[in-house]
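First up is the structure itself, then whatever we jot down about it.
Whatever order the structure lists them in is the order used to number ligands and atoms, beginning at 1.
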Amino acid sequence: MRYPQKGITLQLQEILKKGTSQLRNIAERPLLESEILLSFILQKNRVFLHTHPNLILTNSQIRAIHKLFKRRENGEPIEYITHSVSFMEYFFYITKGALIPRPESEILIEKTKSLILQTNAKNVAEIGVGSGALICSLSLSCPNIQFFGNDISLKALRIATINIKRHSLQKRITLNQSSLLDKIPQNIEIIYSNPPYIQNNIPLPKPVLYEPKEALFGGEMGDEILKQIIFLTHQRKIPYLLCEMGYNQRESIEAYVQQFTPKKITFYQDLAGLERGFIIEFGG
Ligand code: GLN
């Protein structure tokens, strides 16, 4: 990819064309991603790009966009480049060090919200908040609930803290650095989590390699952390647990849960129809 030397000009539409061809092997929607990156550099929205196709870019703008196209071409997720991710109907700050929230986790949030309404719970905890996108979204749609969240990663907690402040949720969300159910208060009625559940050493697509391994890999089988969370939730006598899980983990989780004689366990599917999570009611 060559960019013009000093004195040669490039129009906005030409830059977009270059970006689109440069990103076609890595991005599913290369034009859209080129537009997002260019909007980020110009600090303008995408409508501006469409209404100014002949705008001449400065040399420093061209150099800056070239760098971003290169980073994306090398596999870096666009969310880490632009420091922005959309989840539910909100935008969150994101940077390397926290998992980029996935659309399927919106189902976990919907299910948790329904359970909160149904049980009239007042104290809810998330294990492994990562960027905080899940706990912030849920808190925004459940205004009278007190939320507690933890993570083992200080870097993730720093990102989550930024998002909590951005959405003015400091009074309703308390964070702690801890592992699994450590430091989760006694009065919690519902726990939900999207813990690491991928089998160790499974080869991951290039963009996922930019994400924290401790947020992805769950052990030799993948579901070890899920099982620890089930065990501890039962041990702490917390009545409800909702977790996201891997598409092939239903059988193993279903068998494991039986020893705790739960009142009910239900599994839910993601939008692709794959088994993606479970809800356990432990009962008395
Ligand atoms: N769903 C994520 C992925 O496919 C994994 C998230 C996790 O392990 N909790 O990359």
- Report yes if the side chains of R276 and I107 come closer than 4.5 Å at any heavy-atom pair, otherwise no.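 Heavy-atom side-chain distance check fails, nothing below 4.5 Å.
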- Task: For the pair E110 and K113, find out whether any cationic side-chain nitrogen is under 4.0 Å from an anionic carboxylate oxygen.
- Result: no
- Query: Thinking salt bridges, do E33 and R72 make one under a 4.0 Å N-O criterion?
  - Reply: yes
Taking [atom] as the reference point, the nearest protein heavy atom with its distance:
| atom | answer |
| --- | --- |
| atom 1 (N) of ligand 1 | Y197 OH, 3.0 Å |
| atom 9 (N) of ligand 1 | P195 O, 2.7 Å |
| atom 4 (O) of ligand 1 | R102 NE, 4.2 Å |

- Using 30° and 60° as the class limits, which term best fits the ring planes of H167 and F92: parallel, tilted or perpendicular?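 Geometry flag for F92 against H167: tilted rings.
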- Task: Under 4.0 Å from a heavy atom of E104: give me the atoms of ligand 1 that qualify, with their elements.
- Result: 1 (N)
- Ligand-residue contact atoms, ligand 1 with N194, heavy atoms, under 4.0 Å: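 Contacts of ligand 1 toward N194, numbered from 1: 7 (C), 9 (N).
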- Find the distance between CD1 (I188) and CD1 (I238) and round it off to the nearest 0.5 Å.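 Rounded to the nearest 0.5 Å, the CD1-CD1 separation comes out at 7.0 Å.
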- Task: Could you tell me if any non-hydrogen atom of G218 lies under 4.0 Å from any atom of ligand 1?
- Result: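 So G218 does not count as touching ligand 1.
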- Message: Y247 vs E275, test: side-chain hydrogen bond (donor to acceptor under 3.5 Å, both in side chains). Steps then yes/no.
- Response: CA-CA 5 Å; Y247 68 92; E275 303 281 357; over 6 Å; no
- Answer side chain, backbone, both or neither: which part of E211 comes under 4.0 Å from ligand 1, heavy atoms only. neither
